[in-house]
Amino acid sequence: MRYINISTSLSPHNVKDLVRDWWEIEAHSPWDIFKEYASSRVGLHLYDKGNSIIGYWESGERNRSHSLLRAKNWVVLRMKEKNNQTTISGCVFFCPTLFFALLVGFLTILFCSDFLAVLLFMLISTVLLWSSMKEQAIILNYIKKIFMR
């Protein structure tokens, strides 16, 4: 999970106008990994949630059945206006459902006496989370570029 905190002189309404090109109509939730993604546009896919913006990053990668991957990195940005300054704070995080599944799997396998099973699980988890962290850095830089225009 990575955090972001940006101050701008734009109002929250103007901030939303700035990210209008990335609005997505196809509704998704970070908790639902079973729903298929149809929009293959690489980059941010954002939703307006009042004083917040939530969305995900689409990498364009596909699985063996040629469907878009369902494990996404999600973005939550909250806007607060004070003294004609808008503070945009938020975070980028990996799909919470898969993260909790990895955590439960780790705790379950911890009580297992099979060393190879623990080693294999740790290797798979490390690769998955490491690639997620690299993508999160890309997302943060992308968001900073949007608001620093």
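Below, each value reflects all heavy atoms present in this structure, side chains not excepted, and no hydrogens, waters or symmetry copies.
Rounded to the nearest 0.5 angstrom, Tyr3 OH and Gln136 CD are separated by 10.5 Å. Distance check: Ser29 OG to Lys35 NZ gives 9.5 Å after rounding to the nearest 0.5 Å. Between Lys49 atom NZ and Asn51 atom CG the span is 13.5 Å, to the nearest 0.5 Å. The distance from atom CG of Asn73 to atom CZ of Phe94, rounded to the nearest 0.5 Å, is 6.5 Å. The line from OG of Ser9 to CG of Asn14 is 9.0 Å long, rounded to the nearest 0.5 Å. Atom CD1 of Ile53 is separated from atom CG of Leu44 by 10.0 Å, given to the nearest 0.5 angstrom.
Every residue two or more places apart in sequence or in another chain was checked for a side chain to side chain donor-acceptor pair (under 3.5 Å) with Arg2, and none qualifies. By the side chain to side chain donor-acceptor pair (under 3.5 Å) test, Glu26 pairs with His28, sequence neighbours left out.
Using the six-membered ring where Trp is involved, Tyr47 and Trp74 have ring planes that are parallel, under 30° apart on the 30 and 60° scheme.
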Return all side-chain donor-acceptor pairs below 3.5 angstrom for residues 75-85, not counting sequence neighbours, or 'none' if the list is empty.
none

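A salt bridge links Glu58 to Lys72: one of the charged nitrogens lies within less than 4.0 Å of a carboxylate oxygen.
Heavy-atom contacts from other residues, nucleotides or ligands closer than 6.0 Å to CZ of Arg20 number 12 or fewer.
Among the candidates Leu18, Thr8, Thr86, the single residue satisfying the side chain to side chain contact (heavy atoms under 4.5 Å, CB included) test with Phe147 is Leu18.
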